[in-house]
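Structure record follows, encoded as structure tokens.
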Amino acid sequence: MSSALTPTPPAPDSIMVRSEGVHKAFGRVEVLKGIDLEVRSGHVMCLLGPSGSGKSTFLRCINHLEQIDAGRLYVDGELVGYRQKGDKLYELKESEVARKRAEIGMVFQRFNLFPHMTALENVVEAPCKVKRKSKAAAAERGRTLLERVGLGDKIDAYPSQLSGGQQQRVAIARALAMDPKLMLFDEPTSALDPELVGDVLDVMRDLAKSGMTMVVVTHEMGFAREVGDTLVFMDGGVVVESGEPREVLTNPQHERTKAFLSKVL
Amino acid sequence: MSTTTEAPSEQASPIKAVPVRHPGRWVATAIVLLLLAMFVHMLVTNGAFQWRFMRENALSSPVLAGARTSLVLTILSMIIGISLGIVVAVMRLSPNPILSTTAWLYTWFFRAIPRVVLLVLFGNLGILYTRFEFGLPFDRQLGNLLGIDINGRLFGVDSRTLLTGFMAGLLGLALSEAAYMAEIVRGGISSIDPGQHEAAQALGMSRPLTMRRVILPQAMRVIVPPTGNETIAMLKDTSLVAFVPVTNELFFQLQAVGNRTFRPFPMLVAACLWYLAMTSVLMVGQYFLEKRYSRGTRTATSARRWLIFFGGGNR
Ligand SMILES: Nc1ncnc2c1ncn2[C@@H]1O[C@H](COP(=O)(O)OP(=O)(O)OP(=O)(O)O)[C@@H](O)[C@H]1O
Ligand SMILES: [Mg+2]
């Protein structure tokens, strides 16, 4: 474990994400071929792997943006996308799926901010329209969040007026505004100029420190080593290796992990 | 950054360069201005225009009533056309194959038939009126609304025939417009990055909410300019309802004056001026709409182009 961090452990031993033999295919192409893993509450899991190994797909399965074909996926003890009664699975209604998604924050490689809204409008949109928070309360909280990610002076800026790093921090604030119990990051710094990466990683580091449960797809080894509680190496739709980040990075057990690390390190 | 390499140069004086001359531009300007002057001179001196006669008749009350009908027809058919167009576009993009095929068939049919043919067809089939009644949610209310509107304006025409004629014209124009609008809206929606959909969904927004708050407002930027063109085209196409026949329409009334007085040409000029004026008003509306929906994007204005033109120099 990294010494700089003292995560406040919420409900010790509770599992936020549990994946059991998750399969996913697009047509005939099998992308996930049985993913087994667990993310404890308050922990940070970093996902690593070559392009096309299914990292994004797996993240998208967690908040049901993709439907899984086989296996079981639980978030906070509840099945993703289905309800189980006895032996039978019942598909959740669209509104129920949406309600569950609202509890999971997601941050994308390409930010995906709403370009026709200012930074603050981006942040308050979902709390107002989905959670039916009052405008004033949402704006108040939105301002606090934007300040927290270091953008207190950019509240009224449109995304096109912000740098990539600033946009990504707005996107993080937007996700946090829904008070998620889990945050998913899909290569949040891959589209950024090198000098902007640090600001975003700082925000994520603070978030981890505050006890947020996070699943982070990233190629930032420094971040994985320092902030991650576990590091999972995926290749070809399976988990090849996982463990304590420093351990996996310095002493990989599998040939594929070694080959990949030798290329990126 | 942690290190500063050198002190910035002390004298950062603003650039004062002689702009590139564009003699060709000025020659072209002179030629265009000359031609314009000749044209204006012709307008003023040629007796065939009969300006005074035109002025006296272009604003007579039947003509005004006709202009009003044309405008009302334009507005109503565009409102129905846009609303129905959005529905058809959303149907077309639906994962449900029955809905999307129905939408495709709709656009296929109404884009294939010329408006004149549609209007004559609708004018001749009184039965269609009752058939369309349950098809459009507000048509009875619209009918009532229009009935009052029109009765107040027309003399000597049976109000019942008129109502049917007007409705036939309105439906013909609106239904065909919906087909074109559906294509425009579909193009607008498809132009939006799928990441927008995904981000909204990830925030727990429902499909309709995503459409209303995230997708359509952005699609509007793509949708508004061609919709402006459609509105202008519609204003002009209202002259086609004479084929239904609906006679209290702008062009028909102007022509009627021309034919009655055996002076058709000035009234044709009057028609041009009327359509120019009404189109200009619509363009002002379009300008403000486009401005409203370009939030968050940067665009060069035509005012800036004038500035550069007179400034000579830079591109
Ligand atoms: N909607 C889709 N339809 C068809 N194939 C898809 C779809 N989404 C992903 N794939 C395929 O699934 C595979 C895994 O994609 P995924 O995006 O999960 O990889 P990744 O590990 O995130 O890669 P990267 O590091 O490049 O982001 C790829 O081969 C991709 O082509
Ligand atoms: Mg990916």
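Residue numbers begin at 1 in each chain, while the letters A, B, ... track the order of the sequences. Please read these numbers as outputs of a predicted model, since none were measured by experiment.
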* Asked: Are any side-chain N or O atoms of A:His116 and backbone N or O atoms of B:Arg213, one a donor and one an acceptor, separated by less than 3.5 Å?
  -> yes
* Residue pair B:Ala199 / A:Phe114: nearest heavy atoms and the distance that separates them -> CB-CE2, 4.2 Å
* Roughly how far, to the nearest 0.5 Å, is CG of B:Leu203 from CZ of A:Arg174? -> 5.0 Å
* To do: Look at atom CZ of B:Arg115 and say whether more than 12 heavy atoms of other residues, nucleotides or ligands are closer to it than 6.0 Å.
  => yes
* Structure fact -> Most contact-rich option vs chain B, by heavy-atom pairs under 4.5 angstrom, among A:Ile104, A:Leu113, A:Asn63, is A:Leu113
* Asked: Picking from A:Arg60, A:Met178, A:Lys100, A:Arg99, which has the most non-hydrogen pairs under 4.5 angstrom with chain B?
  -> A:Arg60
* State whether the number of non-hydrogen atoms from other residues, nucleotides or ligands found under 6.0 Å of A:Gln84 atom CD is greater than 12. => yes
* Check each atom of A:Leu184 against the heavy atoms of chain B and say whether the ones under 4.5 Å are side chain, backbone, both or neither. => neither
* To do: Determine, step by step, whether B:Met205 and A:Arg101 satisfy the side chain to side chain contact (heavy atoms under 4.5 Å, CB included) criterion, reporting the C-alpha distance in whole Å, the side-chain angles of both residues, the deciding distance to 0.1 Å, and the verdict.
  => CA-CA 9 Å; B:Met205 294 170 77; A:Arg101 281 198 192 117; over 6 Å; no
* Asked: Does A:Asn112 use its side chain to pair, donor to acceptor, with the backbone of B:Gly195 at less than 3.5 Å?
  -> yes
* Within 6.0 angstrom of B:Leu276 CG, more than 12 heavy atoms from elsewhere -> yes
* Asked: Taking only residues two or more places apart in sequence, or in another chain, which ones meet A:Phe108 in a ring-ring contact (aromatic ring centres under 6.0 Å, His included)?
  -> none
* Would you find more than 12 non-hydrogen atoms of other residues, nucleotides or ligands less than 6.0 Å from A:Phe26 atom CZ? -> yes
* **Spacing of A:Arg110 atom CZ and B:Gln196 atom CD [to the nearest 0.5 Å]** => 11.5 Å
* **Closest heavy-atom pair and its distance - A:Pro115, B:Gln218** => CG-OE1, 3.1 Å
* Which residues from residues 122-131 of chain A are near chain B, with near meaning under 4.5 Å between non-hydrogen atoms? -> A:Glu125, A:Ala126, A:Lys129, A:Val130
* Contact summary for A:Met106 and B:Ala202, nearest pair of heavy atoms -> CB-CB, 3.9 Å
* Side chain, backbone, both or neither of A:Gln109 within contact of chain B (heavy atoms, under 4.5 Å) -> neither
